[in-house]
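This report refers to the structure that appears directly beneath it.
Here the structure is a predicted model, which means the values were calculated and not measured.
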Amino acid sequence: MALFVAVAKAGSFSNAALELGLPLSTVSRRIGDLERKFGAKLLERTTRKLRLTAFGRLVLDRSEAPIEALAEAVRLRMPAGGAIRATAPPLAARGRLGDDLLAFLGEHPGISLDLTTTNSPLDFIRDNIDIAFRVGPLDDSSLVAVRLWDIPYVICAGGALADDLREKGEAVSLSTLNMLPTIYTGQPWRFAGMAPIRPSNVVHRIDDLEVAAAGVRVGLGLAYLPRDLALGAGVEVPLEGLLPLDKALFAVFLERRLLPAHLRSLIEWLKGRAQLA
């Protein structure tokens with residue numbers, strides 16, 4: 001019955017097989033066996049679609065809640081041990097997130113971490129990733145995303161460029177901003193009430209935020225950076241009619257009905273840690 005519920009929620013045999021780690025043929029055969037036991041069809045299948053029959057809907061309504069309750073009971077009894085394969089941006093891993101992950105591992109000696117740091121979004125299936133830490137807003141609605149904490153962003157300048165702006169003593173408008181030399185990190189600039197923009201006068205493209213901050217420090221251009229990093233590299237540029245929007249760090253994972261206990265422990269621990277900060 002648990003397999004039938006998984007197929008019904010996944011919307012296809014292939015999705016259910018992927019989530020459960022079973023061969024597609026096994027999933028199809030077991031659903032067929034279940035239908036023969038009931039003497040009635042549970043699912044209508046076509047080459048592209050899968051839908052519940054009236055009888056299948058009745059069975060799902062009666063069985064889903066008890067199976068979820070049983071799964072939760074099993075999760076509560078399972079020891080929170082195992083390996084977690086994770087990915088995170090290098091800057092986040094060297095900062096607060098890295099500190100929190102190390103603290104979590106210290107409190108959970110049965111759990112091991114395999115962490116890959118990269119600014120590129122790895123594929124959960126191809127790269128065998130359990131959880132990804134990503135800076136949002138996020139676009140992929142097929143993934144489950146848990147917001148951990150906000151990351152304030154600012155426009156910053158350093159070196160001679162900061163001196164020039166300070167000497168003028170004026171807030172910088174969008175039109176002026178687009179004329180100034182910019183170090184572009186690949187992240188669209190986001191301001192309240194506006195669509196994301198890409199600066200016009202890009203003189204350097206550097207996707208590593210710390211290297212971009214070093215460029216700001218020596219006056220190579222403006223940059224759109226997390227405030228903590230920006231203020232270590234230069235000064236926040238006063239803006240006219242522009243309010244940079246905060247970003248956020250998310251824990252992202254595939255929607256799996258039976259989330260492993262050690263991964264659930266990490267997610268809940270990080271959420272609790274974020275609330276205390």
Nearest atoms (heavy-atom pairs only) where Ala86 meets Leu113:
CB-CD1, 4.0 Å
Rounded to the nearest 0.5 Å, what separation is found between the CZ atom of Arg134 and the CZ atom of Phe250?
12.0 Å
Determine the minimum heavy-atom distance between Val216 and Gly221, stating which atoms define it.
CG2-O, 3.6 Å
For Ser175 and Ser173, test the side chains for any donor-to-acceptor distance below 3.5 angstrom and give the result as yes or no.
yes
So, Ser25 and Ser28: side-chain donor and acceptor under 3.5 Å apart, yes or no?
no
Would you call Arg166 and Asp163 a salt bridge, using N to O less than 4.0 angstrom?
yes
Run the side chain to side chain contact (heavy atoms under 4.5 Å, CB included) check on Leu101 and Leu97 step by step: do they pass?
CA-CA 6 Å; Leu101 289 175; Leu97 175 63; 4.0 Å; yes
Is there a path from Val218 to Val237 through hydrophobic residues (I, L, V, M, F, W, Y) whose side chains come within less than 4.5 Å of each other?
yes
Within the structure provided, determine whether Glu170 and Leu165 are in side-chain contact (heavy-atom separation under 4.5 Å).
no
Are any of the side-chain heavy atoms of Ile183 and Leu222 separated by less than 4.5 Å?
no
Side chain to side chain contact (heavy atoms under 4.5 Å, CB included) assessment of Ile155 paired with Glu236
CA-CA 6 Å; Ile155 303 294; Glu236 181 177 350; over 6 Å; no
Look at the rings of Phe38 and Phe55 and say which category their plane angle falls in: under 30° parallel, 30 to 60° tilted, over 60° perpendicular.
perpendicular
Short question: side chain of Thr182, backbone of Tyr184 - any donor-acceptor pair under 3.5 Å?
no
Nearest non-hydrogen partners of Pro89 and Val135, listed with the distance
CG-CG2, 4.4 Å
Heavy atoms only: give me the nearest Leu266-Phe133 pair and the separation to one decimal.
CD2-CZ, 4.4 Å
Are Phe253 and Ile267 packed together at the side-chain level, in the sense that at least one heavy-atom pair is separated by less than 4.5 angstrom?
yes
Closest heavy-atom contact between Pro226 and Leu91?
CG-CD2, 4.4 Å
Donor-acceptor pair, distance only, cut-off 3.5 Å: does the side chain of Asp123 make one with the backbone of Ile125?
yes
Return a table of donor-acceptor pairs under 3.5 angstrom between the side chains of residues 196-212 and protein atoms on other chains or two or more places apart.
| unit_1 | atom_1 | unit_2 | atom_2 | d |
| --- | --- | --- | --- | --- |
| Ser200 | OG | Asn178 | OD1 | 3.3 |
| Asn201 | ND2 | Met179 | O | 3.0 |
| Asp208 | OD1 | Glu210 | N | 3.0 |
| Asp208 | OD1 | Val211 | N | 3.1 |
| Glu210 | OE1 | Arg94 | NE | 3.1 |
| Glu210 | OE1 | Arg94 | NH2 | 2.4 |

Following the transitive rule for hydrophobic clusters with a side-chain heavy-atom cut-off under 4.5 Å over Ile, Leu, Val, Met, Phe, Trp and Tyr, establish whether Leu115 and Leu148 coincide in one cluster.
yes
Does atom CD of Glu107 have more than 12 heavy-atom neighbours, drawn from other residues, nucleotides or ligands, at distances under 6.0 Å?
yes
Is the Phe104 ring parallel, tilted or perpendicular to the Trp269 ring (thresholds 30°, 60°)?
perpendicular
Sub-3.5 Å donor-acceptor pair from the side chain of Asp246 to the main-chain atoms of Asp150, do we have one?
no
Rounded to the nearest 0.5 Å, what separates atom CD in Glu167 from atom CG in Asp164?
6.5 Å
Set out, in order, the CA-CA distance, both residues' side-chain angles and the distance that settles side chain to side chain contact (heavy atoms under 4.5 Å, CB included) for Phe124 and Ile129, then state yes or no.
CA-CA 5 Å; Phe124 280 85; Ile129 298 298; 4.1 Å; yes
Does the side chain of Ile131 come within less than 4.5 Å of Val252's, by heavy atoms?
no
Evaluate Asp114 against Ile84 for side chain to side chain contact (heavy atoms under 4.5 Å, CB included), listing each step before the verdict.
CA-CA 6 Å; Asp114 184 346; Ile84 295 175; over 6 Å; no
Starting from Val172, can I reach Val154 by hopping between I/L/V/M/F/W/Y residues whose side chains sit under 4.5 Å apart?
no
Hey, does Lys247 have a side-chain heavy atom less than 4.5 Å from the side chain of Pro152?
no
In terms of hydrophobic clusters joined by side-chain contacts under 4.5 Å, are Leu105 and Leu263 together?
yes
Should Thr53 and Leu43 count as side-chain neighbours, where that means a heavy-atom distance under 4.5 Å?
no
When rounded to the nearest 0.5 angstrom, what is the spacing between CG in Leu243 and CZ in Arg190?
14.0 Å
Salt-bridge present (Arg36, Asp33; N to O < 4.0 Å)
yes
How many angstroms lie between atom CG of Asp130 and atom OG1 of Thr87, to the nearest 0.5 angstrom?
11.5 Å
Linking I/L/V/M/F/W/Y whenever their side-chain heavy atoms sit closer than 4.5 Å, directly or via other members, would Val235 and Tyr153 fall into one cluster?
no
Gap separating the OG1 atom of Thr116 from the CZ atom of Arg85, nearest 0.5 angstrom
5.5 Å
Closest non-hydrogen atom pair, Trp189 against Leu177:
CZ3-CD2, 3.6 Å
Nearest 0.5 Å, please: how far is CD1 in Ile31 from NZ in Lys41?
10.5 Å
